[in-house]
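One structure is given below, encoded as structure tokens.
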Amino acid sequence: MPSLVEQKLSNLDFWAKSQAERDELFASLRATQERIFCPLPDEPGFYALPRYEQVAEASRNPGVFSSQPTAVSPLDPSTQMAEYSGSMISMDDPRHARLRRVVSRSFTPRLIERVSGDVASLARHIVEDLAERGPCDFVEHIATPMPLQIICSMMGIPDSEFDDVIDATNLILAVGDPDHLDGDGKNRVTSLAEKFCYLHELMADLGRLRREQPADDLVTALTRANVDGEALDDRDLGRFFSLLVIAGNETTRNALSHALVLLTEHPAQRELLLADLDARLPGAVEEIVRYATPVTWMRRTLTRDYELQGQMYRTGDRVILYYNSANRDENVFKDPYVFDITRSPNPHLGFGAPGPHFCLGAHLARREVTVLLRELYTRLPNLHATDAPVRQRTSFIHGIRSVPCAF
């Protein structure tokens, strides 16, 4: 029988606990030499992988630790959701590799240069608005606009669709949070399917338009790309866009939100950063991502029996790679519970572990966070959170729903 400790991992009440309480549980899990099985109601359950080397080894062996049928839920997707959930993040090679090459080659130097300019321009605009607005919700007015507007600009999404994209993204990301209610009173699965359907239809319509009327955007590049005979059809475009607006938005938005909270809670680190912003900001961004770990975990399913770090797992076993715990592993990080912007080296797994599923947008996310924090703390060096953040109650995302700020 699983212990009460192990049962907590599948209980949302545990994920609503303080950071210190969650850290204490994961420290005990890293110390155990036994397999850690976590039950689920009416489901096979899963094994937790809390140690850095466990997560790294599983990530380097996708032939054994499969991302199919899903990487983002302990539960297998329903028939209704399977149509929308099959993005690259839940694929294995060779199809994963081919699609990743299609997308990678579509990030042309010209597009990257334009996006870099967009990031700098948007950061200035956001901070100018903040200076005029005064105290506000940092998540809504600062952290959310940056990644979503950049993604929509890259893809060529019309400005008229921006609010609906935000609405769809917020519901999808909060689907596991019982505190987030659907205003229409619909069944959660139905609402989720409707939002995914909207994103897919938006991208299908834009893809058809760009095949006839090319433009200087990522959708045009994707519709023209062909690697080893592989191109993206409308369904692939929809799945990629859904992944981009969800994963691309989530890591950046929450890294920015956690940055404000961490630099408020650790004033000495904030002063250290402000003393030499340009020199210390890159290291601060890496430490923010390590300490916050915006994406808490990913799932893998074993394709065969395998011995991992002295423990045997069987074909069909579901395992959860806990990046948040790996980023606190005492065997890898000195003083792992200390927020230290000068930490070096800092081999965190905040963008996933090395392997074929390492975050494709990690470079862009780093740039967005760096540019906006530089603009914020150059223009408004006294920026700080004025109250505790309201966190999302979900295990998958270490998310912040709101946090008030002033300067």
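Start at 1 with the first residue, then count along the sequence. No hydrogens, no waters, no symmetry mates; every other heavy atom, side chains included, goes into these values.
- Between A120 and V371, the shortest heavy-atom contact is CA-CG1, 3.9 Å.
- The ring-ring contact (aromatic ring centres under 6.0 Å, His included) test applied to Y313 returns Y47, not counting sequence neighbours.
- Remark: H363 NE2 is loosely packed, at most 12 non-hydrogen atoms of other residues, nucleotides or ligands lying under 6.0 Å away.
- Using a cut-off of 4.0 Å between Lys/Arg side-chain N and Asp/Glu carboxylate O, D335 and R343 are scored as not salt-bridged.
- Relative to the six-membered ring of F46, R299 misses at least one condition, a distance below 6.0 Å or an angle of at most 45° to the axis.
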Q. What do the steps show when you test L130 against H141 for side-chain contact (heavy atoms from CB on, under 4.5 Å), and what is the final call?
A. CA-CA 8 Å; L130 174 61; H141 295 286; 6.0 Å; no
Q.
Between V64 and R304, does the side-chain contact (heavy atoms from CB on, under 4.5 Å) criterion hold? Intermediate values first, please.
A. CA-CA 6 Å; V64 177; R304 62 177 175 84; 3.4 Å; yes
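- Using a 4.5 Å heavy-atom threshold, the side chains of P69 and S90 count as separate.
- Side-chain atoms of T220 never come within 3.5 Å of backbone atoms of R210 as a donor-acceptor pair (strictly under, hydrogens ignored).
- Between F351 and H348, the angle of the ring planes lies from 30° to 60°, which puts this pair in the tilted group.
- Side-chain contact check for R318 versus P74: every heavy-atom pair is 4.5 Å or farther apart.
- The pair D13-K8 fails the salt-bridge criterion, with no side-chain N (NZ, NE, NH1 or NH2) lying under 4.0 Å from an Asp/Glu carboxylate O.
- Using a 3.5 Å distance cut-off with no hydrogens or angles, the side chains of H357 and S67 do pair a donor with an acceptor.
- From R95, atom CZ reaches atom CD of Q68 across 10.0 Å, with rounding to the nearest 0.5 Å.
- No side-chain heavy atom of E140 sits under 4.5 Å from any side-chain heavy atom of S402.
- Heavy-atom minimum distance, D329 versus N331: OD1-N, 2.9 Å.
- Residues V219 and L206 approach most closely at CG2-CD2, 3.8 Å, considering heavy atoms.
- Without hydrogens or angle criteria, T296 side chain to S395 main chain gives a donor-acceptor distance under 3.5 Å.
- A salt bridge is absent between R100 and D93; no separation between the charged side-chain nitrogens and carboxylate oxygens falls under 4.0 Å.
- Only one option out of Y52, F358, Y322 pairs with L349 in a side chain to side chain contact (heavy atoms under 4.5 Å, CB included); it is Y52.
- Once rounded to the nearest 0.5 Å, the distance linking OG1 of T251 with CG of L256 reads 11.0 Å.
- Residues N254 and G399 approach most closely at OD1-CA, 3.2 Å, considering heavy atoms.
- Residues N61 and E57 have side chains that never bring a donor and an acceptor to within less than 3.5 angstrom of each other.
- F138 pairs in a side chain to side chain contact (heavy atoms under 4.5 Å, CB included) with only one of the listed residues (L376, T144, T386, V261), which is L376.
- Contact detail for L274 and Y377: the closest heavy-atom pair is CD2-CB, 3.7 Å.
- Annotation: F396 is in aromatic contact with W297 [ring centroid separation under 6.0 Å].
- A donor-acceptor pair under 3.5 Å is absent between the side-chain atoms of T293 and the main chain of N324, judged by distance alone.
- For the pair R239/L243, no side-chain contact is recorded, criterion being any heavy-atom separation below 4.5 Å from C-beta on.
- Within a 6.0 Å radius of CD in E330, other residues, nucleotides and ligands contribute more than 12 heavy atoms.
- Rounded to the nearest 0.5 angstrom, C38 SG and E43 CD are separated by 14.0 Å.
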Q) For R374 and L277, what are the C-alpha separation, side-chain angles and deciding distance, and is it a side-chain contact (heavy atoms from CB on, under 4.5 Å)? A) CA-CA 7 Å; R374 179 184 289 114; L277 192 60; 4.2 Å; yes
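- The local environment of CZ in R208 is crowded, with over 12 non-hydrogen atoms from other residues, nucleotides or ligands closer than 6.0 Å.
- Here the OG atom belonging to S28 is positioned 8.0 Å from the CD1 atom belonging to I36, to the nearest 0.5 angstrom.
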Acceptor/donor pairs from residues 146-164 side chains to any protein atom, 3.5 angstrom cut, sequence neighbours excluded:
unit_1	atom_1	unit_2	atom_2	d
S153	OG	R114	NH1	3.4
S153	OG	D118	OD2	2.9
E161	OE1	Y198	OH	2.7

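- With a 6.0 Å cutoff to the six-membered ring centre and a 45° limit on the axis angle, R328 counts as a cation-pi contact of Y291.
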Q) Given the rule in the side-chain hydrogen bond (donor to acceptor under 3.5 Å, both in side chains) test, do N249 and T169 qualify, once you have shown the distances and angles that lead to the verdict? A) CA-CA 8 Å; N249 167 61; T169 303; 5.4 Å; no
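- Here the closest non-hydrogen pair linking V403 and D137 is N-OD1, 3.0 Å.
- At a threshold of 4.5 Å between non-hydrogen side-chain atoms, the residues H125 and P145 do not count as touching.
- Shown are D92, T303, T301; of these, the side-chain hydrogen bond (donor to acceptor under 3.5 Å, both in side chains) with S66 is made only by D92.
- Rounded to the nearest 0.5 Å, atoms CG (L49) and OH (Y323) are 10.5 Å apart.
- A salt bridge links R290 and E287; the closest N-O separation between the charged side-chain nitrogens and carboxylate oxygens is under 4.0 Å.
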(Q) Determine whether L302 and T315 satisfy the following criterion, side-chain contact (heavy atoms from CB on, under 4.5 Å), listing intermediate values before the conclusion. (A) CA-CA 5 Å; L302 272 79; T315 304; 5.7 Å; no
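- Between F65 and Y306, the angle of the ring planes goes over 60°, which puts this pair in the perpendicular group of the 30/60° scheme.
- In this structure the side chain of L9 reaches within 4.5 angstrom of the side chain of L25, judged on heavy atoms.
- Of the possible polar contacts, none joining the R35 side chain to the Q311 backbone as a donor-acceptor pair under 3.5 Å is found.
- Rounding to the nearest 0.5 angstrom, the gap separating the OG1 atom in T252 from the CG atom in L372 is 10.5 Å.
- Side chain of T264 to main chain of A385: a donor-acceptor pair is present (N/O by atom type, distance under 3.5 Å, no hydrogens or angles).
- Formation of a donor-acceptor pair under 3.5 Å by the S59 side chain with backbone atoms of V55 is found in this model.
- With a 4.5 Å cut-off on side-chain heavy atoms, F407 and P381 do not count as touching.
- The backbone N or O of H258 lies less than 3.5 Å from no partner atom in the side chain of H398, so there is not a single donor-acceptor pair.
- Between R253 and I400, every side-chain heavy-atom pair lies at or beyond the 4.5 Å cut-off.
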